[in-house]
Peer 1: 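Below is one structure. I have some questions about it.
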Amino acid sequence: MEQLLFWCDLIGIVVFAFSGVLAAGHKQMDLFGAVVLACVTATGGGTLRDIILNVPVFWLQDSYYLWLATATGIVSFYLIRYLAVPMRLLKIADAMGLAVFVVIGTQKVLGLGHSPAIAIVMGVMTGTFGGLIRDILAGDIPLLLRREIYATAALSGAAVLVLLDSSGTLPGEVVVGIGVLVTLSIRLAALRWNLSAPIARFGNPGQ
């Protein structure tokens with residue numbers, strides 16, 4: 001189980017770092033800006049989670065996470081310079097990172113002995129806050145705050161993981177896989193069919 005979570009963590013770092021570089025490329029940033037976005041996207045959610053839980057920040061304990069994010073940022077920067085990469089790939093990469101980090105965060109908090117509610121909140125935070133910081137630095141409205149189904153996907157995946165984990169009927173590896181699949185499926189379905197949540201309006205709709 002620990003080995004599976006470790007590899008999921010690495011995949012999440014790479015995918016989120018790549019999404020950070022895509023956002024930087026969209027804003028025509030230089031190499032430094034791209035690497036900064038790659039690193040904050042890959043580590044932002046987990047960093048905030050660990051600070052709130054008062055546990056050692058994961059990339060300070062194991063610096064290879066930061067090095068992996070940096071290396072991914074550099075490679076991706078030159079990759080998108082010479083290859084035509086559609087911007088839609090940014091949302092797909094973000095969806096993959098979201099799914100992996102939601103599960104990683106939720107599982108980590110459960111392992112620390114916190115309640116299911118805290119695990120769900122921290123899981124959603126782990127999955128969404130790296131992208132939130134990325135979008136703010138890139139000068140965009142964060143995906144988390146748009147009408148797109150984003151936080152709902154994260155919340156659903158975290159809740160399913162907690163429920164399956166508490167039931168104890170399935171192996172941990174299967175529970176993790178289902179959590180990732182639920183989050184990713186909801187997010188990709190929202191992208192495919194342009195599903196969205198209701199938006200806030202002031203006044204009468206006809207005005």
Peer 1: Could you give the side-chain donor-acceptor pairs of residues 7-24 under 3.5 Å, partners two or more places apart or in another chain?
Peer 2:
| unit_1 | atom_1 | unit_2 | atom_2 | d |
| --- | --- | --- | --- | --- |
| Asp9 | OD2 | Tyr65 | OH | 3.3 |
| Ser19 | OG | Phe16 | O | 2.7 |
| Ser19 | OG | Arg134 | NH1 | 2.9 |

Peer 1: Check whether more than 12 heavy atoms from other residues, nucleotides or ligands sit under 6.0 Å from atom CG of Leu83, and answer yes or no.
Peer 2: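 Yes.
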Peer 1: For Asp140, which residues count as a salt bridge (charged side-chain N to carboxylate O under 4.0 Å, His left out) partner, sequence neighbours excluded?
Peer 2: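 Listed in chain order: Lys27.
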Peer 1: Start with the C-alpha gap between Ile133 and Thr41, add the side-chain angles, then the distance that decides, and say whether side chain to side chain contact (heavy atoms under 4.5 Å, CB included) holds.
Peer 2: CA-CA 7 Å; Ile133 299 170; Thr41 308; over 6 Å; no
Peer 1: Can you tell me how far apart CD1 (Ile186) and OG1 (Thr152) are? Round to the nearest 0.5 Å.
Peer 2: 8.0 Å
Peer 1: When rounded to the nearest 0.5 angstrom, what distance separates CE in Met125 from CD1 in Ile118?
Peer 2: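 So the gap between those two atoms works out to 9.5 Å.
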Peer 1: Only counting residues at least two apart or in another chain, list the ones meeting side chain to side chain donor-acceptor pair (under 3.5 Å) with Ser167.
Peer 2: Thr169
Peer 1: Could you go step by step and tell me if Thr47 and Trp59 meet the side chain to side chain contact (heavy atoms under 4.5 Å, CB included) rule?
Peer 2: CA-CA 8 Å; Thr47 299; Trp59 57 268; 2.8 Å; yes
Peer 1: If you compare all heavy atoms of Ala119 against all heavy atoms of Val162, which two are closest, and at what distance to 0.1 Å?
Peer 2: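 That would be CB-CG2, 4.3 Å.
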Peer 1: Please report the interatomic distance CD(Gln107) to CG(Asp165), rounded to the nearest 0.5 Å.
Peer 2: 5.5 Å
Peer 1: On a heavy-atom basis, which atom in Val35 and which in Gly73 lie closest, and how many Å separate them?
Peer 2: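 Reported closest heavy-atom pair: CG2-C, 4.3 Å.
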Peer 1: Please check if Leu161 and Leu181 belong to a single hydrophobic cluster, counting links between Ile, Leu, Val, Met, Phe, Trp and Tyr side chain heavy atoms closer than 4.5 Å.
Peer 2: no
Peer 1: With sequence neighbours left out, write down each residue that passes side chain to side chain donor-acceptor pair (under 3.5 Å) with Asp135, or none if nothing qualifies.
Peer 2: none
Peer 1: Test side chain to side chain contact (heavy atoms under 4.5 Å, CB included) on Leu53 and Met122; report intermediate values, then the result.
Peer 2: CA-CA 9 Å; Leu53 294 175; Met122 290 293 108; 4.2 Å; yes
Peer 1: Going by heavy atoms in the side chains, are Tyr150 and Thr128 under 4.5 Å from each other?
Peer 2: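 Yes, their side chains come closer than 4.5 Å.
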Peer 1: According to a 4.5 Å side-chain heavy-atom criterion applied to Ile, Leu, Val, Met, Phe, Trp and Tyr, with indirect links allowed, do Val57 and Ile104 form part of one hydrophobic cluster?
Peer 2: yes
Peer 1: If two hydrophobic side chains count as joined below 4.5 Å and joins carry through other members, does Trp67 share a cluster with Phe77?
Peer 2: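 The answer is no; the residues belong to distinct hydrophobic clusters.
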Peer 1: Should Val160 and Val174 be regarded as members of a common hydrophobic cluster, given that ILVMFWY residues are connected when their side-chain heavy atoms come within less than 4.5 Å of each other, either directly or indirectly?
Peer 2: yes
Peer 1: Quick check for you: to the nearest 0.5 Å, what is the distance between Thr183 atom OG1 and Ile178 atom CD1?
Peer 2: 11.5 Å
Peer 1: Restricting to non-hydrogen atoms, name the atom on Thr106 and the atom on Ala158 that form the minimum distance, rounded to 0.1 Å.
Peer 2: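 It is OG1-CB, 3.5 Å.
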Peer 1: Identify, with sequence neighbours excluded, every residue that meets side chain to side chain donor-acceptor pair (under 3.5 Å) alongside Ser196.
Peer 2: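 If we apply the side chain to side chain donor-acceptor pair (under 3.5 Å) test to Ser196, skipping adjacent residues, the hits are Arg147.
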Peer 1: What is the distance from atom OG of Ser76 to atom CG of Leu37, rounded to the nearest 0.5 Å?
Peer 2: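 Interatomic distance, Ser76 OG to Leu37 CG, rounded to 0.5 Å: 12.0 Å.
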Peer 1: Using a cut-off of 6.0 Å, state whether more than 12 heavy atoms not belonging to Tyr64 lie near its atom OH.
Peer 2: yes
Peer 1: Is the shortest side-chain heavy-atom distance between Thr70 and Cys39 below 4.5 Å?
Peer 2: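 Of all side-chain heavy-atom pairs linking Cys39 with Thr70, at least one is under 4.5 Å.
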Peer 1: Test of understanding: clusters of I, L, V, M, F, W, Y form through side-chain heavy atoms closer than 4.5 Å, transitively. Do Leu90 and Ile149 belong to the same one?
Peer 2: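 No.
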Peer 1: Output, in order, the C-alpha distance, side-chain angles, deciding distance and verdict of side chain to side chain contact (heavy atoms under 4.5 Å, CB included) for Leu191 and Leu188.
Peer 2: CA-CA 5 Å; Leu191 291 175; Leu188 290 181; 4.2 Å; yes
Peer 1: Looking at residues at least two apart in the chain, or sitting in another chain, which of them share a salt bridge (charged side-chain N to carboxylate O under 4.0 Å, His left out) with Arg81?
Peer 2: none
Peer 1: Do Phe58 and Arg49 touch side chain to side chain, with heavy atoms closer than 4.5 Å?
Peer 2: yes
Peer 1: Considering only heavy atoms from C-beta outward, does the side chain of Lys108 approach that of Leu5 to under 4.5 Å?
Peer 2: no
Peer 1: Could you pull out the closest heavy-atom pair between Gly179 and Val103, with the gap in Å?
Peer 2: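 Nearest heavy atoms, Gly179 then Val103: C-CG2, 3.5 Å.
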Peer 1: Counting only heavy atoms from other residues, nucleotides and ligands, does the tally under 6.0 Å from CD of Glu2 exceed 12?
Peer 2: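 Not more than 12 within 6.0 Å, no.
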Peer 1: With rounding to the nearest 0.5 angstrom, report the CZ to CE distance, Arg187 to Met96.
Peer 2: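 So the CZ of Arg187 and the CE of Met96 are separated by 13.5 Å.
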